[in-house]
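Working notes, structure below.
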Amino acid sequence: MQNTPPEQTPPCHCHGGFIAEHDHGPCVNHALERAATLCRERGVRLTPQRLRVLELVWRSSRPLQAYALLEELRVQQPTTAAPIVYRALDFLIQQGLVHRIESQNSYAACRHPDAVHDGQFLLCTHCGRAVELESRPVSEQVRAAAEGVGFEVSQQTLEVHGLCPRCQGGPQHG
Ligand SMILES: [Zn+2]
Ligand SMILES: [Zn+2]
Ligand SMILES: [Zn+2]
């Protein structure tokens, strides 16, 4: 009998494609269950359409554009119209389950939707993968700096461009 093995870190912190290859299916399932619970607690409806969009965003290691989501949805339901995707995304963003990456006009799954937070993303310019940071000190520093020049922040999304560990050609993990 062993105590908690190190593999049992919360699956939602797998950071998608940034870390070594792994079976991402359980991470997605965990995330969808978590989202369903959150929506139930908040008394909002996670419709099958919204859930499907969230699943697609979660399955992808790269942020997805709306048209890519639409194409995926049309595989199952050819009549799906674009407004359905946008309405689903609006809802998911509102609930903090998805973040919008402004510079790419794309959407990424939130890795920790339990608490409302600012979006902070590391974006690999080579492979397109994205990793979400959630650094409260960074958010607070930006806010403080903005207030220092008399600016009132309503929303902040930080997008940092560079190369992920895989694309630096360095030693591979795992
Ligand atoms: Zn994963
Ligand atoms: Zn987030
Ligand atoms: Zn990369």
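Remember, it's 1-based here, ligands and their atoms both numbered in the order they're listed. Counting from 1, the numbers follow the sequence of the chain as shown. Since the model is a prediction, treat every value here as computed from it, not as a measurement.
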ask   = Angle at the Zn ion (ligand 3) between SG of C167 and SG of C124, to 10°?
value = 110°
inquiry  = I'd like to know if E55 pairs up with R52 as an ion pair, taking the criterion as any Lys NZ or Arg NE/NH1/NH2 lying under 4.0 Å from an Asp or Glu carboxylate oxygen.
reply    = yes
request  = Could you grab the angle centred on the Zn ion (ligand 2), going from SG in C110 to NE2 in H99, to 10°?
outcome  = 110°
Residues that R87 engages under side-chain contact (heavy atoms from CB on, under 4.5 Å), provided they are two or more places apart = P83, I84
request  = Could you give me the CA-CA distance, side-chain angles and deciding distance for R45 and C39, then say whether side chain to side chain contact (heavy atoms under 4.5 Å, CB included) is met?
outcome  = CA-CA 6 Å; R45 257 167 56 75; C39 288; over 6 Å; no
message = Taking 2.8 Å as the cut-off, does E132 contribute an N, O or S atom near the Zn ion (ligand 2), distance below it?
response = yes
ask   = What about the rings of H99 and Y107, do their centers lie closer together than 6.0 Å?
value = no
remark   = Per residue H24, nearest N, O or S atom to the Zn ion (ligand 1) is named ND1
